[in-house]
S.K.: 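Here it is: the structure, laid out below.
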Amino acid sequence: KQEVTQIPAALSVPEGENLVLNCSFTDSAIYNLQWFRQDPGKGLTSLLLIQSSQREQTSGRLNASLDKSSGRSTLYIAASQPGDSATYLCAAQFLMNNNAGNMLTFGGGTRLMVKP
Amino acid sequence: NAGVTQTPKFRILKIGQSMTLQCTQDMNHNYMYWYRQDPGMGLKLIYYSVGAGITDKGEVPNGYNVSRSTTEDFPLRLELAAPSQTSVYFCASSYLPRQTFNYGYTFGSGTRLTVV
C-alpha cells in the first residue's frame, strides 16, 4: 500500500530559527510530491510542487527537496516567523495506470508553532 | 472567480439523518474530488470524478454517494449519518489529472461535520 508519513506530528521553535519538516513515502514510483499549508479552519494552500525528475524547488524562504531513492522529501523553512505557524502537509501522486492516479496521498501533517 | 465553493461551512447531524454537502467550481475543471480529514490526520479520498456523468470510489467511500450531473457541481451525499463520519470534508478540483507547476489542485475551505 502506498503511504505517506510525516514526523514529527508537532514542532515548536523560537522565531528566527531555520527548520526542516520531514516527509517519507513508501513507493518510489512517484509522479510528484507537493507541500501544502493549512491554517486552522481553512482549506489547503499549495506551497511547492516537485516533479519526479527534479530534486528541489524554492519559493522565498521555503525550499523543498525530493529523494526518490530513499523515499524522502524535506521542507526547509529559513528564518521562521510567527506567521509561519500552521499545519504543513505533504502529498504524493503515485504513478498508476488508471484514473485513480489523480488522487493525492497525504501525510498526517506537522503542526508548526513559531514562538515570538 | 470564486474557485471552489463549499456549503455549508458547519453542520451538526443526529445519527441516522441524511444531508448533502455541496461543492461547486467555476474554473471549468473536469476533475473533482471529495476528501475527508480526521483530527490530526491527513486527507483521505472518498470519491472522485473525471468529468460530468463519471464518478468513482476513492479510498474511503463507504457511507457516501456522489453525483456529477454538470461540470460545475459535485455534491456528496450522506444517507445515514454515523459518528464515524464526524470529520472535515474538503472538495477540490483540478484542470489536469496530474499536478504540474501551472495546474494544481484548488481546494474549498471545507465543511466541518459533527454527528451526535
Side-chain angles (χ1 to χ4, degrees), chain A residues 1-10 21 23-25 29-54 57-59 64 66 87-111, chain B residues 2-10 23 25 29-51 54-61 68 74 87-112:
Chain A
K1 181 181 178 182
Q2 295 160 330
E3 294 182 342
V4 177
T5 305
Q6 292 183 250
I7 296 174
L21 305 181
C23 173
S24 61
F25 45 93
I30 191 171
Y31 186 75
N32 59 52
L33 192 290
Q34 196 164 7
W35 283 92
F36 291 89
R37 169 181 174 142
Q38 184 178 27
D39 293 289
K42 300 291 179 61
L44 280 67
T45 301
S46 179
L47 297 173
L48 291 165
L49 183 150
I50 312 174
Q51 302 286 359
S52 62
S53 58
Q54 300 178 312
Q57 282 289 317
T58 299
S59 176
L66 176 65
T87 296
Y88 291 82
L89 295 161
C90 70
Q93 272 191 316
F94 294 102
L95 291 168
M96 296 179 72
N97 294 324
N98 53 36
N99 284 328
N102 301 339
M103 63 182 283
L104 294 177
T105 301
F106 283 84
T110 295
R111 191 171 61 256
Chain B
V4 177
T5 303
Q6 290 184 239
T7 57
K9 293 188 182 301
F10 304 93
C23 175
Q25 53 93 6
H29 287 173
N30 280 326
Y31 301 88
M32 296 189 73
Y33 318 86
W34 274 105
Y35 286 86
R36 61 175 285 174
Q37 184 180 31
D38 298 325
M41 306 290 286
L43 282 68
K44 293 187 182 296
L45 183 67
I46 305 171
Y47 270 95
Y48 67 98
S49 170
V50 302
I54 306 171
T55 63
D56 207 346
K57 296 177 180 179
E59 187 180 1
V60 290
R68 184 93 182 272
F74 190 39
S87 189
V88 181
Y89 292 83
F90 288 100
C91 179
S93 71
S94 66
Y95 179 66
L96 294 175
R98 295 206 168 111
Q99 311 299 288
T100 66
F101 299 118
N102 295 321
Y103 299 102
Y105 272 44
T106 300
F107 281 87
S109 58
T111 294
R112 187 174 299 273

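A note on names: the letters A, B, ... follow the listed sequences, proteins ahead of strands, and every chain is numbered from 1. Keep in mind the model is a prediction, meaning the values are calculated, not measured.
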S.K.: Would you please name every residue forming a salt bridge (Lys or Arg N to Asp or Glu O under 4.0 Å) with Glu59(B), sequence neighbours left out?
M.R.: Lys1(A), Lys44(B)
S.K.: Hey, do the aromatic rings of Tyr105(B) and Phe36(A) have their centres closer than 6.0 Å?
M.R.: no
S.K.: Against chain A, label Gln6(B) side chain, backbone, both or neither, depending on which of its atoms sit under 4.5 Å from a heavy atom there.
M.R.: neither
S.K.: Contact between Leu104(A) and Tyr35(B) at the side-chain level, heavy atoms closer than 4.5 Å - yes or no?
M.R.: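 Result yes, sub-4.5 Å side-chain heavy-atom pair found.
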S.K.: So which part of Leu89(A) gets closer than 4.5 Å to some heavy atom of chain B, the side chain, the backbone, both or neither?
M.R.: side chain
S.K.: What part of Gln38(A) gets within 4.5 angstrom of chain B, counting heavy atoms only: side chain, backbone, both, or neither?
M.R.: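 For Gln38(A), side-chain heavy atoms alone lie under 4.5 Å from chain B.
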S.K.: Got a sec, which residues hit salt bridge (Lys or Arg N to Asp or Glu O under 4.0 Å) with Arg37(A), two or more places apart in sequence or on another chain?
M.R.: Asp39(A)
S.K.: How long is the straight-line distance from OG1 of Thr105(A) back to CG of Leu43(B), given to the nearest 0.5 Å?
M.R.: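 With rounding to 0.5 Å, CG (Leu43(B)) is 11.0 Å from OG1 (Thr105(A)).
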